[in-house]
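Sequence lines set the chain letters: A, B, ... in the order given, protein chains first and strands last, and positions in each chain run from 1. Just the heavy atoms: all of them, side chains too, but no hydrogens, waters or symmetry mates, feed the values below.
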Amino acid sequence: MLKDLNTRTRPLNVAIYRKTHWASEIKPELDGKEVTLSGWVWEIRDVGRIKFIMLRDREGIVQVTVKRSLVNDETWDTVSRLSKEDVVSVRGIVRASKVAKAGVEVEPIEVKLLNKANPLPIDIWGNVDETILDLRLRYRTVDLKRRSNVVLFKALSEVVKAMRTTLYGYGFIEVFTPKIIATSTEGGAELFPVQYFERTAYLAQSPQLYKEELTASLERVFEIGPAYRAEKHDTTYHVNEFISVDVEAAFMNYRDVMGILEDVVVESYKAVVGLLSQIGREVRVPSKPFKVITYDDALSMLDKEGIKIKWGDDVPKEGLETLSRLIGEPFFIIHFPTMLRAFYTKPIEGDESRSESFDLIIDGMEVTSGSTRIHDRSELEKAMRARGLNPDNFSAHLEIYSWGMPPHAGWGLGLYRLMMVMAGVKNIREVILFPRDRYRLMP
RNA sequence: GCCCCGGUCGUUCAGCCUGGUCUAGGAUGCGGGCCUGUCGAGCCCGAGACCCGGGUUCGAAUCCCGGCCGGGGCGCCA
């Protein structure tokens, strides 16, 4: 039963739509009990003197059976004029039933129409082959009414909850870093400029530098927040605004944070198994520890498969897919060439051309990147120069490296990428409420 | 940015290759009607579409060119 609101402040005239139960909670055991359900008309089956309203809410669908002989004229009239997606509130008695397929139905005492709905622009009932994604995104608020979408976004919420719980368990605290930043000098990805009073600022592409700085005081931090990339990419797994799960920990190295990542990923899988099975997606929770191969291993494995990659080049999408096919479960690639990674990545001592870095690959998808970071200021400045970056442009960031910067490591995980591989969807936009891509700024 | 593919009722699928028989078909949704146990409800009636521009032709949904929009693959992505 839904947690009751404060009844002392509840105005009587709205009591009719303050629901007492989710649709999914209406079970035969409630037989004879009065309930109030509020939601949307999913479907109406009109058989003349008896009408069946399938009432949908976020949690499920319940049948409201309206018999002409058992309701007053006003209720019958209201029910007769209902159409799909009308918003209604039903006060009635639960009846365990042998004829109803679900074994239970609600016999209404009162039906209140809260808002009329026009015919929908797209099909949400599965009566026709699925509408193309572009059109579904244009009418996204309608598309989200589909059961599969409700389940998908409940699952996404469960994933975030599981991640937070796991990370708190390791002593991390959640932080929030600015999304409006001053610098565009970090190199790499293009940034979105924004007007910031009389100056130009930029949308943050990553909390990377901030989270590293925070290890000098808060030690173990994580942030789940948006990141912006102004890249004009056009693929099924890139968008220009995404949610990044960023973790950074003092006094740890890449192996330590890989272990934490394994836990976060496994707990995420556990959190969605039940939900995703409701929409026909059976996921297998991966077992720990994940398989680990080195970058050099990856190259020789791919070489045997006829995919030639020059040492020092990144593993292309095709290569990741091939490796996933060979390994068959989530796996780490470690020890990437140092120059392939960002300036803050710590090289391996005694093998400086390789780094203490890793990627987590699931189903050919790069879900996470991480590494041990350089914590020595002069080494960091050297690494910047090696990549053509001017340390002077990072003076604000570099300060803390002179004032007690601990050794640290961390990773960044693409939340939607993880969700997409867990849900088995082909396009990342499926798991984003309102995706932002090269051509889509609305809705 | 490159390569390939596509655009038909609100939605979805056919028709296009091989131009006329298309007054453009089916399903679903929508409007109306019938039915007191539907649960993929059923039956009857009705409204509803060839992306835009140009060309070829006696004739274009169909062939050609351009535009716009979309899909897939790749690239880019500290």
A.B. asks: If the C1' atom of rU62(B) is compared with that of rU21(B), how far apart are they to the nearest Å?
C.D. replies: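 The answer is 14 Å between these two C1' atoms.
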
A.B. asks: Using purine N1 to pyrimidine N3 plus N6-O4 or O6-N4 for Watson-Crick, or N1-O2 and O6-N3 for G-U wobble, both under 3.5 Å, which nucleotide pairs with rG6(B)?
C.D. replies: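 Across all strands, the one nucleotide that pairs with rG6(B) is rC69(B).
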
A.B. asks: Are R45(A) and rC39(B) close enough that a side-chain N or O sits under 4.0 Å from OP1 or OP2?
C.D. replies: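 So the side chain of R45(A) is outside the cut-off, no N or O lying under 4.0 Å from OP1 or OP2 of rC39(B).
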
A.B. asks: When you get a sec, tell me which of rG70(B), rC13(B), rC76(B) is the closest nucleotide to the side chain of Y439(A)?
C.D. replies: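 It is rG70(B).
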
A.B. asks: With a non-hydrogen cut-off below 4.0 angstrom, is E105(A) in contact with a base, only sugar-phosphate, or nothing?
C.D. replies: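 Result for E105(A) = base.
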
A.B. asks: Between T65(A) and T131(A), name the one whose nearest nucleotide on RNA chain B is closer to the 5' end.
C.D. replies: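 Its nearest nucleotide being more 5', the pick is T131(A).
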
A.B. asks: Under 4.0 Å: is that the gap between some side-chain N or O of N427(A) and OP1 or OP2 of rG72(B)?
C.D. replies: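 Result: yes.
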
A.B. asks: Is K101(A) near enough to rG40(B) that one of its side-chain N or O atoms lies under 4.0 angstrom from OP1 or OP2?
C.D. replies: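 K101(A) to rG40(B) OP1/OP2: side-chain N or O found under 4.0 Å.
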
A.B. asks: Suppose you measure atom P in rG55(B) against the same atom in rA14(B); what distance do you get, rounded to whole Å?
C.D. replies: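 One P to the other, the span is 32 Å.
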
A.B. asks: Work out which heavy atom in Y416(A) is nearest to a heavy atom in I243(A); give both atom names and the distance.
C.D. replies: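 In terms of heavy atoms, the two residues are closest at OH-CG1, 3.3 Å.
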
A.B. asks: Mind checking if A102(A) touches a base, just sugar-phosphate, or nothing, with heavy atoms under 4.0 Å?
C.D. replies: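 Since no nucleic acid heavy atom lies under 4.0 Å of A102(A), the category is nothing.
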
A.B. asks: Compare the minimum distances between each of rC13(B), rG75(B), rU36(B) and the side chain of R49(A), then state the nucleotide with the smallest one.
C.D. replies: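 Comparing rC13(B), rG75(B), rU36(B) against the side chain of R49(A), the answer is rU36(B).
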
A.B. asks: Quote, to the nearest angstrom, the P distance that separates rC51(B) from rG10(B).
C.D. replies: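 Each nucleotide's P atom is 12 Å from the other's.
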
A.B. asks: Measuring only the P atom in each nucleotide, how far is rG67(B) from rA24(B)? A whole number of Å is fine.
C.D. replies: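 My reading of the P atoms in rG67(B) and rA24(B) gives 32 Å.
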
A.B. asks: Heavy atoms under 4.0 Å, any strand shown: does Q63(A) hit a base, just sugar-phosphate, or nothing?
C.D. replies: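 Base: the residue Q63(A), judged by heavy atoms under 4.0 Å, touches a nucleobase.
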
A.B. asks: Using the C1' atom as the reference point in each nucleotide, state the distance between rG7(B) and rA47(B) in Å, no decimals.
C.D. replies: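 The answer is 24 Å between these two C1' atoms.
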
A.B. asks: Please tell me which of the listed nucleotides, rU28(B), rG71(B), rC35(B), lies nearest to the side chain of D134(A)?
C.D. replies: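 Within the option list, the nearest is rG71(B).
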
A.B. asks: What's the closest nucleotide to the side chain of T236(A) if the choices are rG72(B), rU36(B), rG70(B)?
C.D. replies: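 Taking heavy atoms from C-beta onward, the closest nucleotide is rG72(B).
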
A.B. asks: What's the closest nucleotide to the I132(A) side chain, out of rU28(B), rG70(B), rG37(B)?
C.D. replies: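 Taking heavy atoms from C-beta onward, the closest nucleotide is rG70(B).
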
A.B. asks: Between F358(A) and F332(A), is the ring centroid distance below 6.0 Å?
C.D. replies: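 F358(A) vs F332(A): aromatic centres under 6.0 Å.
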
A.B. asks: From the options rU12(B), rC35(B), rC76(B), select the nucleotide whose nearest atom is closest to the side chain of H238(A).
C.D. replies: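 Comparing rU12(B), rC35(B), rC76(B) against the side chain of H238(A), the answer is rC76(B).
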
A.B. asks: Would you say rA78(B) has OP1 or OP2 under 4.0 Å from some side-chain N or O of T345(A)?
C.D. replies: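 It does not, given that no N or O in the side chain of T345(A) lies less than 4.0 Å from OP1 or OP2 of rA78(B).
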
A.B. asks: So which nucleotide from rC30(B), rA78(B), rG37(B) ends up closest to the side chain of K84(A)?
C.D. replies: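 Selected nucleotide (nearest to the side chain): rC30(B).
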
A.B. asks: Does the pair R377(A)/E399(A) count as a salt bridge with the N-to-O cut at 4.0 Å?
C.D. replies: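 Looking at R377(A) and E399(A), the cut-off is not met.
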
A.B. asks: Taking the P atom of each, how far is rG25(B) from rC45(B), in whole Å?
C.D. replies: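 Rounded to whole Å, the distance is 15 Å.
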
A.B. asks: Ignoring hydrogens and angles, does a donor from either the side chain of K317(A) or the base of rG73(B) sit under 3.5 Å from an acceptor on the other?
C.D. replies: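 Checked by distance alone, the answer is no.
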
A.B. asks: So, for F343(A) and F394(A), is the gap between ring centers shorter than 6.0 Å?
C.D. replies: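 Judged by ring-centre distance (under 6.0 Å), F343(A) and F394(A) do meet the cut-off.
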
A.B. asks: Quick check on RNA chain B: between P207(A) and L133(A), whose nearest nucleotide comes earlier from the 5' end?
C.D. replies: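 It is L133(A) whose nearest nucleotide is closer to the 5' end.
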
A.B. asks: Taking the same atom, P, in rG26(B) and in rC68(B), what whole-Å distance lies between them?
C.D. replies: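 The same atom, P, in both gives a distance of 36 Å.
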
A.B. asks: Set out, in order, the CA-CA distance, both residues' side-chain angles and the distance that settles ring-ring contact (aromatic ring centres under 6.0 Å, His included) for Y254(A) and H335(A), then state yes or no.
C.D. replies: CA-CA 10 Å; Y254(A) 71 117; H335(A) 300 170; 5.7 Å; yes

A.B. asks: My understanding is that a pair needs two contacts under 3.5 Å, Watson-Crick or G-U wobble. By that rule, which nucleotide pairs with rA27(B)?
C.D. replies: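 Base partner found: rU11(B).
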
A.B. asks: Which nucleotide wins on minimum distance to the side chain of L135(A), given the candidates rC76(B), rA41(B), rU12(B)?
C.D. replies: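 The answer is rU12(B).
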
A.B. asks: Salt bridge or not for R136(A) and E130(A), using N-O below 4.0 Å?
C.D. replies: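 The answer is yes: the pair qualifies as a salt bridge.
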
A.B. asks: Counting side-chain heavy atoms from C-beta on, which of rG10(B), rG37(B), rG75(B) comes nearest to P121(A)?
C.D. replies: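 Within the option list, the nearest is rG10(B).
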
A.B. asks: rG71(B) and rC50(B): how far apart are their P atoms, nearest whole angstrom?
C.D. replies: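 It comes out at 23 Å once rounded to the nearest Å.
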
A.B. asks: Counting Watson-Crick and G-U wobble pairs only, both distances under 3.5 Å, name the nucleotide matched with rC39(B), or none.
C.D. replies: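 Partner of rC39(B): none found under 3.5 Å.
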
A.B. asks: Do E321(A) and R325(A) meet the salt-bridge criterion of a basic N to acidic O distance under 4.0 Å?
C.D. replies: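 No, R325(A) and E321(A) are not salt-bridged.
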
